[in-house]
Every structure is written in structure tokens, then in C-alpha cells.
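Below: one structure, written as C-alpha cells.
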Amino acid sequence: MIIICFSDYPVQSAKEVTKRFMELPRLPDFVKGKGNYVYSTTKRGYHNISILEVDDAKVKEAFDAVMKSYLNFLDVPGYSYDIKVCYKASDAIAMMA
């Protein structure tokens, strides 16, 4: 299973976001980063996408650890985030059946 994290922040908050990101503790070993990508748009600032792979048995612990990390940014002006827990399509179908 994967957890996909989206975050957005304006250009004027980039230094503070970078500073706080560098100070974050490492996520637990059972959370494997598959990518941290940043892109910018001239009107809206920066957008970040993080893709994390997690063992199905550790999803709750992983989600809690990820959420705790994102809470460090709540008071940064203009910062927002969205965290999605995503199942493989076959697993989701099996859960709905």
C-alpha cells in the first residue's frame, strides 16, 4: 500500500518550509520513500508530492508518523497538505466484495 502526500505553499514560505523539513526526524524504517517531488507555478508557489510505501500491517502506525511530520508545518503562512492512503486496485476490489 502507499501513502501519497500533497503539500502546497507560497514562494515567500519556501525558506521556512525547507528549514522545517530539514529538522524533521526520520520516518520509521517500515515507511519507505519512493519519491519526493517538487514543482513550482508562477502564480501559486510550490507543490510537493511524496510517495511512501508501507507494509499493509503497519498502515495505522505509518499514517500516524506521517501526520505527525506534517503537523510541524501548520503555522507556516499559506501551507496546506492532503494525505491519501491508497490501496492496490485488486485489494480495494476485494475489500468491497
**OP:** For the pair D82 (side chain) and S7 (backbone), establish whether a donor and an acceptor sit closer than 3.5 Å, ignoring hydrogens and angles.
**Re:** no

Subject >> Sidechain-backbone polar pair: K32 side chain, D29 backbone, donor-acceptor under 3.5 Å >> reply: yes

So how far is it from [X] [atom1] to [Y] [atom2], rounded to the nearest 0.5 Å?
X	Y	atom1	atom2	answer
M67	L71	CE	CG	6.0 Å
S50	L27	OG	CG	9.0 Å
K68	L24	NZ	CG	10.5 Å
F30	D55	CZ	CG	9.0 Å

May I ask you to test the [X]-[Y] pair for a side-chain heavy-atom distance under 4.5 Å?
X	Y	result
R20	D75	yes
Y81	L74	yes
C5	L52	yes
I83	Y70	yes
V54	I2	no

Hydrophobic clustering (ILVMFWY, side-chain heavy atoms < 4.5 Å, transitive) - are [Y] and [X] grouped together?
X	Y	result
V59	V31	yes
V17	I49	no
I3	V38	yes

Subject >> Contacts of S13 that satisfy side-chain hydrogen bond (donor to acceptor under 3.5 Å, both in side chains) - sequence neighbours left out >> reply: none

**OP:** For side-chain contact (heavy atoms from CB on, under 4.5 Å), just list the numbers for K60 and D64, CA-CA rounded to whole Å, side-chain angles, deciding distance to a tenth of an Å, and then say yes or no.
**Re:** CA-CA 6 Å; K60 182 180 178 342; D64 290 347; 2.8 Å; yes

Original post:
Restricting to pairs with a member in residues 31-59, which pass ring-ring contact (aromatic ring centres under 6.0 Å, His included), not counting sequence neighbours?
Top reply: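 Non-adjacent pairs meeting ring-ring contact (aromatic ring centres under 6.0 Å, His included): Y9-Y46, Y39-H47.
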
Original post:
Is it the case that more than 12 heavy atoms not belonging to F21 sit under 6.0 Å from its CZ atom?
Top reply: no

Subject >> Heavy-atom closest contact (A65 atom, P28 atom, distance) >> reply: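 Reported closest heavy-atom pair: CB-CD, 3.7 Å.
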
Original post:
Parallel, tilted or perpendicular for F73 and Y79, by the 30°/60° rule?
Top reply: parallel

